[in-house]
> 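After the structure tokens below, expect a handful of questions from me.
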There are 2 protein chains.
Amino acid sequence: MADTPGPAEPSLEEQIAAYQREFQDLDPQVEKVVSALSRLNRRMNVAYGRQTAELGISNAEWEVLKALVLAGRPYRLGPGDLAKRLGLTPAAMTHRIDRMVAEGLVTRERDGSNRVRVIVGLTDDGREKWLDAMRLASVFEEELLQDLSGEDRGKLGELLTKLLRRVETAQPDAGGRLRDLD
Amino acid sequence: MADTPGPAEPSLEEQIAAYQREFQDLDPQVEKVVSALSRLNRRMNVAYGRQTAELGISNAEWEVLKALVLAGRPYRLGPGDLAKRLGLTPAAMTHRIDRMVAEGLVTRERDGSNRVRVIVGLTDDGREKWLDAMRLASVFEEELLQDLSGEDRGKLGELLTKLLRRVETAQPDAGGRLRDLD
DNA sequence: CCTGAAGACTTCAGTAGTAAAGTTCGAAGC
DNA sequence: GCTTCGAACTTTACTACTGAAGTCTTCAGG
């Protein structure tokens, strides 16, 4: 009956056209960049979610593993620090760590020298999971960029870095939770 | 006391270096693009959240308004269709619409010809909010891209579109919820 | 007509997040 | 050496989303 079996999502081009129609004083070039960025990110998150699910972890857990590994040996950070790096509230971090300890991906210990401090450490199992995830991710990322020449990849990295610098100077530290408005 | 008052988040450069250290078979050029994309998106969402909060709505509500406006006049869509466009489950859509109806941003009616179908329509108030949000967003987006020449903006749009095309063909319709894996 | 299957939305139970209050320990002043 | 302040994590109450089950309507067949 429905002539449109999947109305679903309009294409990027249709969306740009709709913006022009509904809000004239908008630079289509700018809107194209912004819309593509946002869609791209959604798609990438879906892809990562698929991959981490394959490994039996969630994207959220993967982020924690990533932060610990990127911190470098001995792969230990406090919950507060982790929360800042992931852009979560400390409360959310507490719960996430609970789950990950239960799954054996990380350990939670009290700091010897300061008993109110907690230290989250990567287990061997956690490190293995991270490596597995990275192997999958790197294949996906290479595929994602496969249509771009080496030169284009460099250019893209450079352009994105410029944008990033701009927002980062505008929002000194948005590493915190989303609502540090007041 | 702490020599590192805000350990917070490592810079993009530090992060790339850490990846090289921890996982050698990774193209730094690729990782730079991917990391920049992900950070950029986080920052942008923070910025949008700040703006919509200024208008007394949430980012989630803004997305619904956006979908309705972009659908074109008469600015009406069913909850199921909306859910697909936003990448949510129908259940989440029901609740979101509840809130937005209560705030007078949209209306919920039964379709005359098919009484099981529901139609969500934009109110004048909702359209106003969308316009306000767009004005703020377009200023922000112009600022975001201000360091790029017209040529660079075009190039960036083109490169991002290439990536998008690649993921969209790889994942035919990920417009649905995140977990259509099984 | 009545029945059964399919579609579209809603309801329910469970999970993960935020904000704010609570707890515990360490450090600085008196 | 007590006491108070502050830092770091946890707990509590609430909000939003997912997946699955439920309800209601339409449509096709006997």
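Values in this document were obtained by computation on a predicted structure and should not be read as measured data. Chain naming here is simple, since letters A, B, ... match the order of the sequence lines and numbering starts at 1 in each.
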> Residues in salt bridge (Lys or Arg N to Asp or Glu O under 4.0 Å) with A:Glu61, at least two apart?
none

> Which residues pass the side chain to side chain contact (heavy atoms under 4.5 Å, CB included) test with A:Ile119, not counting sequence neighbours?
A:Arg76, A:Asp111

> Answer yes or no: is there a donor N or O on one side and an acceptor on the other, between the side chain of A:Thr52 and the main chain of A:Gly49, under 3.5 Å?
yes

> When you check every protein heavy atom under 4.0 Å of nucleotides 6-11 of chain D, what one-letter string (B, S, -) results, 5' to 3'?
--BSBB

> What is the distance, to the nearest angstrom, from the CD atom on B:Glu63 to the C1' atom on D:dA16?
13 Å

> What pairs of donor and acceptor atoms, side-chain ones from residues 136-145 of chain B against any protein atom, are under 3.5 angstrom apart with sequence neighbours left out?
unit_1: B:Ser138; atom_1: OG; unit_2: B:Met134; atom_2: O; d: 3.2
unit_1: B:Ser138; atom_1: OG; unit_2: B:Arg135; atom_2: O; d: 3.1
unit_1: B:Glu141; atom_1: OE2; unit_2: B:Tyr48; atom_2: OH; d: 2.7
unit_1: B:Glu142; atom_1: OE2; unit_2: B:Arg153; atom_2: NH1; d: 3.2
unit_1: B:Glu142; atom_1: OE2; unit_2: B:Arg153; atom_2: NH2; d: 3.2

> To the nearest angstrom, how far is B:Leu88 atom CG from C:dA8 atom P?
18 Å

> What is the distance, to the nearest angstrom, from the CD atom on A:Glu103 to the P atom on C:dT15?
13 Å

> Looking at B:Arg115, I'd like to know whether one of its side-chain N or O atoms comes within less than 4.0 Å of OP1 or OP2 on D:dT26.
yes

> Return the value, rounded to whole Å, for the distance between atom CH2 of A:Trp62 and atom P of C:dA16.
19 Å

> What residue pairs, at least two apart or across chains, pass side chain to side chain donor-acceptor pair (under 3.5 Å) with a residue in residues 93-102 of chain A?
A:Asp98-A:Arg108

> Just distance, no hydrogens or angles: give the donor-acceptor pairs under 3.5 Å from side chains in residues 154-162 of chain A, sequence neighbours left out.
unit_1: A:Lys155; atom_1: NZ; unit_2: B:Asp152; atom_2: OD1; d: 3.1
unit_1: A:Thr161; atom_1: OG1; unit_2: A:Gly157; atom_2: O; d: 2.5

> Between D:dC14 atom P and B:Arg99 atom CZ, what is the distance in whole Å?
17 Å

> Counting only side-chain nitrogens and oxygens, does A:Arg96 get under 4.0 Å of the OP1 or OP2 atom of C:dG17?
yes

> Round to a whole Å and report the spacing from CG of B:Asp111 to P of C:dC9.
10 Å

> How close or far is atom C1' of D:dT15 from atom CD of B:Glu61, stated in whole angstroms?
13 Å

> A:Asn59 CG to D:dC17 C1': how many Å, rounded?
16 Å

